[in-house]
4 protein chains.
Amino acid sequence: MKALRYYGARDIRCESMDDPTLQSPRDAIVKVDKCAICGSDLHIYHGHGFSEDIGYCVGHEAVGEVVEVGRAVSRLKVGDKVMISAAVGCGSCAACLAGNVVKCATNSGNCYGLSAALQGCQAEAVRVPAADTNAALIPEGISIDQALMMTDSLATAWFGARQADIVPGSSVAVVGLGPIGLMAVESAFAMGASIVYAIDLVPERRALAAQLGAVPIDPEAAPDLIREATKGRMVDCVVEAVGVDATISLSLRLAARRGTVSVIGVAQSRKFTFPISRAFGQGLTFRIGTCSVPEEWPALIPLIQSGRLKPERYISHVLPLSDGAQAYALFDARAEGALKMVLTT
Amino acid sequence: MKALRYYGARDIRCESMDDPTLQSPRDAIVKVDKCAICGSDLHIYHGHGFSEDIGYCVGHEAVGEVVEVGRAVSRLKVGDKVMISAAVGCGSCAACLAGNVVKCATNSGNCYGLSAALQGCQAEAVRVPAADTNAALIPEGISIDQALMMTDSLATAWFGARQADIVPGSSVAVVGLGPIGLMAVESAFAMGASIVYAIDLVPERRALAAQLGAVPIDPEAAPDLIREATKGRMVDCVVEAVGVDATISLSLRLAARRGTVSVIGVAQSRKFTFPISRAFGQGLTFRIGTCSVPEEWPALIPLIQSGRLKPERYISHVLPLSDGAQAYALFDARAEGALKMVLTT
Amino acid sequence: MKALRYYGARDIRCESMDDPTLQSPRDAIVKVDKCAICGSDLHIYHGHGFSEDIGYCVGHEAVGEVVEVGRAVSRLKVGDKVMISAAVGCGSCAACLAGNVVKCATNSGNCYGLSAALQGCQAEAVRVPAADTNAALIPEGISIDQALMMTDSLATAWFGARQADIVPGSSVAVVGLGPIGLMAVESAFAMGASIVYAIDLVPERRALAAQLGAVPIDPEAAPDLIREATKGRMVDCVVEAVGVDATISLSLRLAARRGTVSVIGVAQSRKFTFPISRAFGQGLTFRIGTCSVPEEWPALIPLIQSGRLKPERYISHVLPLSDGAQAYALFDARAEGALKMVLTT
Amino acid sequence: MKALRYYGARDIRCESMDDPTLQSPRDAIVKVDKCAICGSDLHIYHGHGFSEDIGYCVGHEAVGEVVEVGRAVSRLKVGDKVMISAAVGCGSCAACLAGNVVKCATNSGNCYGLSAALQGCQAEAVRVPAADTNAALIPEGISIDQALMMTDSLATAWFGARQADIVPGSSVAVVGLGPIGLMAVESAFAMGASIVYAIDLVPERRALAAQLGAVPIDPEAAPDLIREATKGRMVDCVVEAVGVDATISLSLRLAARRGTVSVIGVAQSRKFTFPISRAFGQGLTFRIGTCSVPEEWPALIPLIQSGRLKPERYISHVLPLSDGAQAYALFDARAEGALKMVLTT
């Protein structure tokens, strides 16, 4: 099959690769219809990924059709159109049974396309372990593109907003307006936010947030503008969707007393200086981490079905898998209005 | 002063009455700017009110200006424009201190205009007991009409939706589309409902709900249509905004397994037959009661300020206080598109 | 194999029966080590059970050893010691995946031993459908007897207390002190109840509750005594563990303003008169239904492991399966201090 | 009057001082019966307090009798025995009205005895601003000593446990076993913790925690022992009751995936290095701050009244106010089993 393979910094190639095969009775093989590039794939693209492996297939967002199932797969069958969760659990532990794969006892943090250990899904096919847990039928009334957005980025955005303790009436700031940040803006409104301040360096991205009803702000000006707009109270809830020290620090400055900062940007810092004294004075809650993708689906599915969430609108480019290298380059450059890059097989 | 006084079934008269005076150091006197008629006032209008008194002043929804305060009033001063909570607490017990006046130890269920014990506010002025607790400054960015809606009906609608356990993605039914029911529809969407079924006998009211994005349904057809639309699951959350046995029974039939029915219609039945066996099989939650008005304000204020809730649009008529009898008659007849009837002094 | 079979009112016989066999690749066959009689089995014993079938095997509380698994069973294997959930889900729908089998889309309310459709487990062996969902390994540090109590009665008691909205500091009443009621008392204290009033007609059962730290009260005296003890406030949370109209009515009288009544007694009434007007005045929450057994296990397991919950102490009798008829008779008569009746194979 | 006054590091003197007087109609003057020394008073004692003032009266934990009230005080009267909240709100803003004085719009973080701006209560009398909000009648069934513990330390311990997201069944670690840490252990059990690991350098303090049912551990050994005991999962909830970088770091190492670390130790660090990358991988929640004392009272009062919480047992010494300097020295040295130091007037 064809697959996007990692060979070093800025060196992703569409090449042949062995077809995936069942490795356990609980596995399924899914022929990929569409896959997408995630902001966190850029960590790999920049050469500071999550392993030293070379030549492995990248990518963790895909939808497709089940073409083979192990004998212990009971919920899916050949021919099913499925969405594959980017977060991968063992499917057997108590956490997985409760739908919380991030807390998985044996497999936590597992994901496709981070190393050769679990090949990615920017390919013509992918092996899904514990398929009953880690994939699901695309529900009626949900398009392929919408399902694709649910495999990671919308679920992460929604989770980020939830973890920011947004309740009806909350004031919110979203820092970073890539696809996940923009969907966090949309999620915040769906949860009842009264106002959302949308913060990014890129004017085009701020303009998209403004179309969603947010107040667009440049990062530099954000603390002062928000202080003025809120008469010094700052915002109840902050969603950080970048993951670097500067934006995490900014986020901590924007939170009100007893506010919450929720970091969903993939954060790799080992030396972040946390303002303990100020946070103590304000009574802050600081949350950080990734989402158990399927845990978010029961809320997302009806909201997409009824048209209240429209994640497909963040798809800016659709290219063939063979143009994967170009798609990565465009996305990395934030060129041509690149937001969500989708690849077709 | 002039006041609307109750003299028997369908006999409300605008007459002179003694001006209110301070009865405790914690009282305030408020000159009423605008007041409104509530659906529950019709219980009184129909002659089966909450006391045997005659000649007392009716009404429990009003906004106005503070003209006199007792020496122990510390949060309000003469000249303040205030909204008066329809729910009246003692202001001193633990429940009142936590903002939950419905749980007030000494005063629970107290309200203006139900008897001569606490004169109503469909008048040129009203005495507000424990004014620090039972009234509040109209916040910046909130109009007089919006504040008036917050004194009871919007707060009740919002509370009804909250008590129905609406979370983002919930499916909802609202039974009864008077002003409170319509605002419950709007509240449900603000809380993230994926779909709202809006049920009322009156086609015009259903049309208004449809404009808010709800699916309008005739009560008779509701169980079958909702069963079909939800493939037998029924809805997660039901808000009942009428209060009679038939609509409470209907509401119980619309709830899904582990669903919640929230009754905010003023319910006076003493012999309601509850389907215990069916409810047991379904795992239902049934909630019923009124709201601690000021408890709802912290969420409502920013949502009105940001334009996400527009309660003023349910005001159908504005008449002088002297036309109060006519306003009652119109409202009772549901004539001329009567929804919220406002009276000016 | 030997099994307890139902032949009519008060006619349960230990007889031979065909061994259970796999009917689906997801089934498991469990050789029963111990099983128990539940209060709800008495509905069947009294002849007003849940089906018209004759000769079926009764019982829904059992632990044992897996002796055969279908090919699609992935979490359990032959030789595993397991506890079997009394609540049976399809294992495939969204509700089952989230652990909430009561909300199961296709199978809700299913349980062993209510009819011939799913044979009971008061037998030497039982077929467990969707075994990955409906049974689990007995965790380390949990005895067979403790596991047996978790298959239904402790889970139900715990759920009943949860659904009563017990939080640290709550005042609680438990109505009905059979094994489930007594475990509800113990659960309430584990959840932080400040005081628990324990109400039953049987003095011996009240004495057991008193040993747990509860205040024992006779049902007749309960409203007055609780009114006096709480200075008129009544209790925050009521757990009803009987299921008949009189005890449900009593429970509704014991609740404070904004209190919650949680009914877990199997309630079959179709004509219960609910005091709507009073409930409206008080702002009550009324919950009723059964529990999704495995949903309660993550909290129960560590509490049993650490010795904070001791459900095994409610086992009053251990008899061989062949004495099942006698066990039913004793339990029905509440004779000889009968609480939890356990049968061994 | 006599008062403990601060004159520099380790220089607290019992001296004469002007009697407090009403400064606003909402103030009350309370004659102090008993006051106590808090761990955070040692920051002042060590010379790195919260202001540059000299000669001000210290202390923020006291109970006593109302001897004078301003004309706008409505809930308290002369002769009332009251407990004074260490956290001081304006009493007028929305946050204060909801009982959340930490979020107070104008006054947040205010406390007695941190500077000359609000004189402390280690004195024969103290002025209580906004007395209706910042003090309350000692409830029936609560002793003077129990009330004294509620003015700050028990409320803080309880809040710390709440903010650690403790639910029934949680595994918990408490780092630091001063009076607040010990009461956090007791609070954790009252909230249903299945197990509590109690960590402190001082063996005597660990022994006290063991008497409460906790597993005592030396800090050095804590990560390894807890890893082994939990089979690598670590604990769900960590309460940090010291406030220095080393113990905050230790706390972060003890938390399980999706766990919560709650810091209530007064933390003054400006350069704490937060392990962002690890926290991201684990999905941590980090909370830090002080409590809105009266917000915790509704849960604490019934738990003390019923004997489930016994905060008075942490009082190790009772001395006259005139021996205040000695009390500070003893407490600072952790000498003679010093835990809670109480001073009488």
Requested in this report: Let me know if C:Ile264 has heavy atoms under 4.5 Å from chain B in its side chain, its backbone, both or neither.
Outcome: backbone
Query raised in the report: Taking atom types as modelled and ignoring hydrogens, do the side chains of C:Ser171 and C:Asp236 form a donor-acceptor contact shorter than 3.5 angstrom?
Result: yes
**Report entry** Proximal component of C:Asn100, with respect to chain B [non-hydrogen, under 4.5 Å]
**Finding:** side chain
Requested in this report: Determine the option with the most heavy-atom pairs under 4.5 angstrom with chain C, choosing from B:Gln163, B:Gln282, B:Lys231, B:Gln268.
Outcome: B:Gln268
**Report entry** Between B:Thr285 and C:Arg287, a side-chain donor and acceptor under 3.5 Å
**Finding:** yes
Report summary line: If one checks every heavy atom of B:Arg233 against chain C at 4.5 Å, the contacting part turns out to be neither
**Report entry** Heavy-atom closest contact (C:Ala188 atom, C:Ile166 atom, distance)
**Finding:** CB-CD1, 3.7 Å
Report task. Pick one of side chain, backbone, both or neither for C:Val261, based on which atoms fall under 4.5 Å of a heavy atom in chain B. Result -> neither
Requested in this report: Find out whether C:Val235 and C:Ile226 are in side-chain contact, i.e. whether some heavy atom of one side chain is under 4.5 Å from a heavy atom of the other.
Outcome: yes
Query raised in the report: Do C:Thr247 and C:Glu240 have side-chain atoms, one donor and one acceptor, less than 3.5 Å apart?
Result: yes
Query raised in the report: Does CZ belonging to C:Arg253 count more than 12 external heavy atoms closer than 6.0 Å?
Result: no
Report summary line: Of the listed C:Gly283, C:Ser269, C:Gly232, the one with the largest count of heavy-atom pairs under 4.5 Å with chain B is C:Ser269
**Report entry** Under 4.5 Å from any heavy atom of chain B - which part of C:Phe50
**Finding:** neither
Report summary line: Checked C:Phe286, C:Phe272, C:Phe280 vs chain B; the most non-hydrogen pairs under 4.5 Å come from C:Phe280
